There are 2 protein chains.
Amino acid sequence: MYLRYLEDLDAGGQHTASSDELAHLCGTTPAQVRKDLSFFGSFGKRGLGYPVHELTSHLREILGLKREWKVVIVGAGKIGAALANYRGFRQRGFKVIGVYDNSAEKIGLPWGEAIVRDIVDLERDVRVEEALIAVLAIPSDDAQSVVDRLVEAGIRAILNFAPAQIVVPSHVSLKSVNMAMELEGLSFALTNAMTSKGAA
Amino acid sequence: MYLRYLEDLDAGGQHTASSDELAHLCGTTPAQVRKDLSFFGSFGKRGLGYPVHELTSHLREILGLKREWKVVIVGAGKIGAALANYRGFRQRGFKVIGVYDNSAEKIGLPWGEAIVRDIVDLERDVRVEEALIAVLAIPSDDAQSVVDRLVEAGIRAILNFAPAQIVVPSHVSLKSVNMAMELEGLSFALTNAMTSKGAA
DNA sequence: GAATGTGAACCTTTTCACAGCG
DNA sequence: CGCTGTGAAAAGGTTCACATTC
């Protein structure tokens, strides 16, 4: 999050930013900003603040964004499309090397610059291209079996959009996004806000 | 998360579940499960476990899922499509009352059972239908101004997919999902796992 | 006997407050 | 003087362990 705002400041030509300013932008506290950053090093100048451009570079390094990551997208549905379309990915060093699906209707269809490939080629491509990150946007029922194949083929991180509990070995990182659960969280917040204030 | 798994157990005809079992399913610990549930009440029976069907019902009540929530989707792009398509929403009590866009090319196009509406009608529809939840799937630049209009029209919760920092008054709940940030989190995890193990 | 509910212990995260540096 | 960096204090969250109940 800090990186996001520092990039904006940098683009705006600002040379220096205080923990106060960053905290305000990110919706946190100055002390939090200083503790967070100090975990990785001592980037600021006392009396001045943090050098925007330099800190941006440090954070990119820390986050591993100075190299290119090869990504496969599994599932040529709407979510897969939204992701493949997202131009921010390429800029940030995530290169989509292929989009895969098991539906005969979709295989071969154009997909941005590429075409949708048959999911039977998934393992081979992951191995050959040495892709390390996979985005999973397929129905829940198929999720675990595809994950197992990905892991077997050498994938090391998975971003999962299927509303299913996925199991991975400890050397693989997993992050799940469940849209229904996000909405349910809002429902809970709303319900409580409303009952505590007595509104309809 | 508990609700998700309890529903599965209920559908499978299981009448009772121990904190041990739930913990195992959800990837947490029995003590955690008991503390979490006990926050809302005393639902279990000592020596037996939790009554699956009854607890499911309690959790739905707690999460505010026993009523219908009217939802507007703003942005008829790929993410909006993925969400509007998602059948789980309707089942869970989220009724999409309209999809809005500002692009002349998209307005009027069929969209599932409905058609894409002009975003100029957004406030009126939100007011008339008394929609309380909005899903935002539009470019970042337009996000804050649309949010302001939504809040003004009476929206009480927003699920935001634009990679922008949004500001809302305290009576409005906001949840942001940023796909680029999720991937960057994986990049960080991967980078650290790799450097600490010395792999390429 | 089996498994919950819960105070107490433990661990993590956030906040405070101030010494130290530019 | 302004603002960072950081120990120490406070708050928050998790785990333990056991009395209690079915």
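Sequence lines set the chain letters: A, B, ... in the order given, protein chains first and strands last, and positions in each chain run from 1. Just so you know, these numbers come straight off a predicted model, no measurement behind them.
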Practice problem: Might you work through the side-chain contact (heavy atoms from CB on, under 4.5 Å) test for B:Arg67 and A:Ser187, ending with a clear yes or no? | Solution: CA-CA 10 Å; B:Arg67 54 167 286 178; A:Ser187 167; over 6 Å; no

Quiz item: Is the phosphate of C:dG5, meaning OP1 or OP2, less than 4.0 Å from a side-chain N or O of B:Tyr50?
Solution: yes

Quiz item: Nearest nucleotide by nearest heavy atom, which residue falls closer to the 5' end of DNA chain D, A:Gly41 or B:Gly47?
Solution: A:Gly41

Quiz prompt | Any N/O donor-acceptor pair, B:Arg34 side-chain to C:dG5 base, under 3.5 Å | solution = yes

Quiz item: Reckon B:Ser19 has a side-chain N or O less than 4.0 Å from the OP1 or OP2 of C:dA3?
Solution: no

Quiz prompt | Carboxylate-amine/guanidinium proximity below 4.0 Å for B:Glu7 and B:Arg92 | solution = yes

Quiz prompt | Separation of C:dA3 C1' from B:His24 NE2 (nearest whole Å) | solution = 17 Å

Quiz item: For the pair made of CZ in A:Phe40 and P in D:dG5, what is the distance, rounded to whole Å?
Solution: 14 Å

Quiz item: Which nucleotide in the list C:dG5, D:dT6, D:dT15 gets nearest to the side chain of A:Lys35?
Solution: D:dT6

Quiz item: Which of these nucleotides, C:dC18, D:dC3, D:dC22, is closest to any side-chain atom of B:Lys45?
Solution: D:dC22

Exercise. Fit a plane to each ring of A:Phe188 and B:Phe40, take the angle between them on a 0 to 90° scale, and name the class: parallel (under 30°), tilted (30 to 60°) or perpendicular (over 60°).
Key: perpendicular

Quiz prompt | Interatomic distance where CG belongs to A:Leu48 and C1' belongs to D:dG5 [whole Å] | solution = 15 Å

Practice problem: Go through D:dC3, C:dT15, D:dT6 for me and flag the one nearest to the A:Ser18 side chain. | Solution: D:dC3

Quiz item: Nearest of D:dC3, C:dG5, D:dT15 to any side-chain atom of B:Ala31?
Solution: D:dT15

Exercise. For A:Phe43 and C:dC21, give me the distance from atom CZ to atom C1', rounded to whole Å.
Key: 18 Å

Quiz prompt | A:Lys95 with A:Glu129: basic N within carboxylate O range, under 4.0 Å | solution = no

Exercise. Could you tell me the separation between the CG atom of B:Asp20 and the P atom of D:dC16, rounded to a whole number of Å?
Key: 13 Å

Quiz item: Should A:Trp69 and A:Leu83 be counted in the same cluster of Ile, Leu, Val, Met, Phe, Trp and Tyr side chains packed under 4.5 Å apart?
Solution: yes

Self-check item: N/O (side chain, B:Gln32) to phosphate O (OP1/OP2, D:dT15) under 4.0 Å
Solution: yes

Exercise. Look at the side chain of B:Arg46 and the base of D:dT21, then say whether one donor and one acceptor between them are separated by less than 3.5 Å.
Key: no

